[in-house]
Amino acid sequence: DGGITQSPKYLFRKEGQNVTLSCEQNLNHDAMYWYRQDPGQGLRLIYYSQIVNDFQKGDIAEGYSVSREKKESFPLTVTSAQKNPTAFYLCASSLEAGTNYGYTFGSGTRLTVV
Amino acid sequence: QKEVEQNSGPLSVPEGAIASLNCTYSDRVSQSFFWYRQYSGKSPELIMSIYSNGDKEDGRFTAQLNKASQYVSLLIRDSQPSDSATYLCAVKLGYGGATNKLIFGTGTLLAVQP
């Protein structure tokens, strides 16, 4: 079955540590997105990518980095510069930009600072 | 002014009643509109999309769009306890086809009472 796989489901980060969240899709979607969800604040866009080897900052990119070396993969690194990383992270994908399709979401990664 | 606004709720309705969820958006050039359902601790799931003024029905769900009033709504007929979730409204701005970014509201929590 086609879909988006995020791993791990739960992740614990120590102070000053970088961690990487995985996102893989087999839907043959062109665009991929990373969102952060905090209680009462809805979904906030971190980074997005419309094609391989290209990505754009979203509204809250500081302290995060991404890569898009393959169409299927869009990993997110939460760096030590991100001072408040505890949140629910959602990866999504969609068909090419300019279409009227919505997003398909992965199951999410819950990151906690310990 | 927020780009996509929803009443946070909770909206409480008895089982079997019609639940009406509302969403307003600020950008007149918005082209595509989506409703997502998100159960507690889970990722959002696309349930309805609408692009043209009027109503669109899918089973117990009806999406309504009024671009002149910049208003989109979701009606859930014969509400069931399993419909209890947060409903996210999302809008695609459609600037020149350059991006497929969705702007999300903060969601309305629906509680269906048995």
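As the structure is a computational prediction, the values presented were derived from the model and not from experiment. Residue numbering restarts at 1 for every chain, and letters A, B, ... go by the order of the sequence lines.
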Hey, are the side chains of B:Phe34 and A:Tyr103 touching, using non-hydrogen atoms and a 4.5 Å cut-off? no
Would a hydrophobic clustering, with Ile, Leu, Val, Met, Phe, Trp and Tyr connected at side-chain separations under 4.5 Å, put B:Leu11 with B:Trp35? yes
How far does CD1 of B:Ile103 sit from CG of A:Leu45, to the nearest 0.5 angstrom? 7.5 Å
At their closest point, which heavy atom of B:Lys101 faces which heavy atom of A:Tyr48, and how far apart are they? CD-CE2, 3.5 Å
Would a single hydrophobic cluster contain both A:Ile60 and A:Leu111, if residues Ile, Leu, Val, Met, Phe, Trp and Tyr are joined by side-chain heavy-atom contacts under 4.5 Å? yes
Side chain, backbone, both or neither: which part of B:Phe33 has a heavy atom under 4.5 Å from chain A? neither
Based on non-hydrogen pairs under 4.5 Å, which of A:Arg44, A:Gln37, A:Arg110, A:Gln56 is most in contact with chain B? A:Gln37
Side chain, backbone, both or neither: which part of B:Gln38 has an atom under 4.5 Å from a heavy atom of chain A? side chain
Are A:Leu90 and A:Trp34 connected, step by step, through hydrophobic side chains (Ile, Leu, Val, Met, Phe, Trp, Tyr) whose heavy atoms are closer than 4.5 Å? no
For B:Leu88, is it the side chain, the backbone, both, or neither that has a heavy atom closer than 4.5 Å to a heavy atom of chain A? side chain
For the hydrophobic clusters of this structure (ILVMFWY residues joined by side-chain heavy atoms under 4.5 Å, transitively), does one cluster hold both B:Val13 and B:Leu74? yes
For residues A:Tyr47 and A:Tyr35: do they belong to one hydrophobic cluster (side chain heavy atoms under 4.5 Å, members Ile, Leu, Val, Met, Phe, Trp, Tyr)? no
Could you grab the distance from atom OH of B:Tyr36 to atom CZ of A:Phe105, nearest 0.5 Å is fine? 5.5 Å
Compare every heavy atom of A:Leu43 with every heavy atom of B:Pro44, then report the nearest pair and how far apart it is. CG-CD1, 4.4 Å
Most contact-rich option vs chain A, by heavy-atom pairs under 4.5 angstrom, among B:Gly41, B:Ser43, B:Gly107, is B:Ser43
Got a sec: does the CD of A:Glu62 have more than 12 other heavy atoms crowding it under 6.0 Å? no
